[in-house]
2 protein chains.
Amino acid sequence: MLTVLEPEVCCAPLASAAVPAEAAADLAASFKALGDPVRLQLMSMIASADGGEACVCDLTPAFDLTGPTISHHLKVLREAGLVESDRRGTWVWYRANRTRLAALSALLAIGAPTA
Amino acid sequence: MLTVLEPEVCCAPLASAAVPAEAAADLAASFKALGDPVRLQLMSMIASADGGEACVCDLTPAFDLTGPTISHHLKVLREAGLVESDRRGTWVWYRANRTRLAALSALLAIGAPTA
DNA sequence: CCCCTAGGTTGACAGATTTCGAAGCAGGCG
DNA sequence: CGCCTGCTTCGAAATCTGTCAACCTAGGGG
């Protein structure tokens, strides 16, 4: 059974083979994190940011939400392994974990129906 | 519930441009549906099933959950536009919406950092 | 027509999520 | 040192979710 201890998630495309239960728990956690409009936008803003990094100070004012709330959503993304943060002087910068995104993308990639 | 207006969801890869708020809500709904281990496994079992279809009667016994609970999860996947169902005599068959999966996969596909 | 099986619907409830305001910590500036 | 600003953590309220037991519906036999 594939261990989830690996930094890279695992697994052949959804449509190729059933995802084992342990892996499902790990992968579902990442999808769950993306399953909120605010977090999906945060994720896209970070991933598409100039230089590959975005400052919280630029993210927060883009939403009609308080600072603590944005901070909470960023924490969820962090704990899901989708972003990494890094304090640099006064500001905190976030960047996307592209390896993780690629793994999720590959999982959903489709092939022809099996049969 | 949230009906998907467009057959194809939209949007360039996450890392290419920020996802607009409206699209984010629609897309996040699909990720949210995948954000549960049981649903992710159901999705993979359906998508990888022989002939591209799976009968509920084969899905239910694969989990330590009651029928109503599986039925609920399948409903969530259906409402997220990820699967379609089809009664055929006594049994109900589910198949994956590959177009939708492809759209989600494309969204998470990564390119080089912008800049 | 009656009943049996496969699934879906309803109602209920414990536990998780989203969101906020208030308070805390870290770094820079006067 | 003292204080401001940026971000995170804490505590609390409203809402949403996962799950089950109980009940209902559709099809296929006796």
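A, B, ... follow the sequence lines: proteins, then strands. Residue 1 opens every chain.
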Pairs under 3.5 angstrom only: tabulate donor-acceptor contacts from the side chains of residues 64-76 of chain A to other protein residues two or more places apart or in another chain.
| unit_1 | atom_1 | unit_2 | atom_2 | d |
| --- | --- | --- | --- | --- |
| Thr66(A) | OG1 | Thr69(A) | OG1 | 3.1 |
| His73(A) | ND1 | Arg39(A) | NH1 | 3.1 |

Legend entry - Outermost nucleotides of DNA chain D that come under 4.0 Å of a non-hydrogen atom of chain B: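 Range of nucleotides within reach of chain B: dT17(D) to dG28(D).
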Legend entry - Side-chain donor/acceptor of Asn97(B) to backbone N/O of Val83(B), under 3.5 Å: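 Absent.
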Legend entry - Donor-acceptor contact present, side-chain Arg87(B) to main-chain Gly89(B), <3.5 Å: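 Here the side-chain-to-backbone pair exists.
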Inset, instruction - For Asp64(A) and dT18(C), give me the distance from atom CG to atom C1', rounded to whole Å. - result: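 One finds 14 Å between C1' of dT18(C) and CG of Asp64(A), rounded.
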Inset, instruction - Could you tell me the separation between the CG atom of Leu65(A) and the P atom of dG21(C), rounded to a whole number of Å? - result: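 Rounded to whole Å, this separation is 11 Å.
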Inset, instruction - Decide yes or no for Phe31(B) and Leu108(B): does some side-chain heavy atom of the first lie under 4.5 Å from some side-chain heavy atom of the second? - result: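 Yes; the side chains approach each other to less than 4.5 Å.
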Inset, instruction - Would you please confirm or rule out a distance under 4.0 Å between OP1 or OP2 of dC20(C) and any side-chain N or O of Thr66(A)? - result: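 The answer is yes; a side-chain N or O of Thr66(A) sits under 4.0 Å from OP1 or OP2.
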Inset, instruction - Classify the nucleic acid contact of Arg39(B) as base, sugar-phosphate or nothing, counting any heavy atom under 4.0 Å across all strands shown. - result: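 Answer is sugar-phosphate: Arg39(B) comes under 4.0 Å of backbone atoms only.
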Legend entry - Letter per nucleotide, 5' to 3', of nucleotides 11-16 of chain C [B base touched, S only sugar-phosphate touched, - untouched; heavy atoms, 4.0 Å]: ------
Inset, instruction - Indicate for each nucleotide in nucleotides 4-10 of chain C, in 5' to 3' sequence, whether protein heavy atoms under 4.0 Å reach the base (B), only the sugar-phosphate (S), or nothing (-). - result: --SSBB-
Inset, instruction - Enumerate the residue pairs fulfilling disulfide bond (SG atoms under 2.5 Å apart) with a member in residues 15-110 of chain B, sequence neighbours excluded, ordered by first and then second residue. - result: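 Sorted pair list: Cys55(B)-Cys57(B).
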Inset, instruction - Please collect all disulfide bond (SG atoms under 2.5 Å apart) contacts where either partner lies in residues 65-97 of chain B, sequence neighbours excluded, each pair once. - result: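 Counting only pairs at least two positions apart or across chains, no disulfide bond (SG atoms under 2.5 Å apart) contact touches residues 65-97 of chain B.
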Taking all non-hydrogen atoms of both residues, which atom of [X] and which atom of [Y] are closest, and how far apart?
X        : Y        : value
Ser48(B) : Ser44(B) : OG-O, 2.7 Å
Ser85(B) : Arg78(B) : OG-CD, 3.5 Å
Ala28(B) : Pro37(A) : CB-N, 3.5 Å

Inset, instruction - Verify the cluster assignment for Trp93(B) and Phe63(B): are they in a single hydrophobic cluster under the rule of side-chain heavy atoms below 4.5 Å apart? - result: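 Different clusters.
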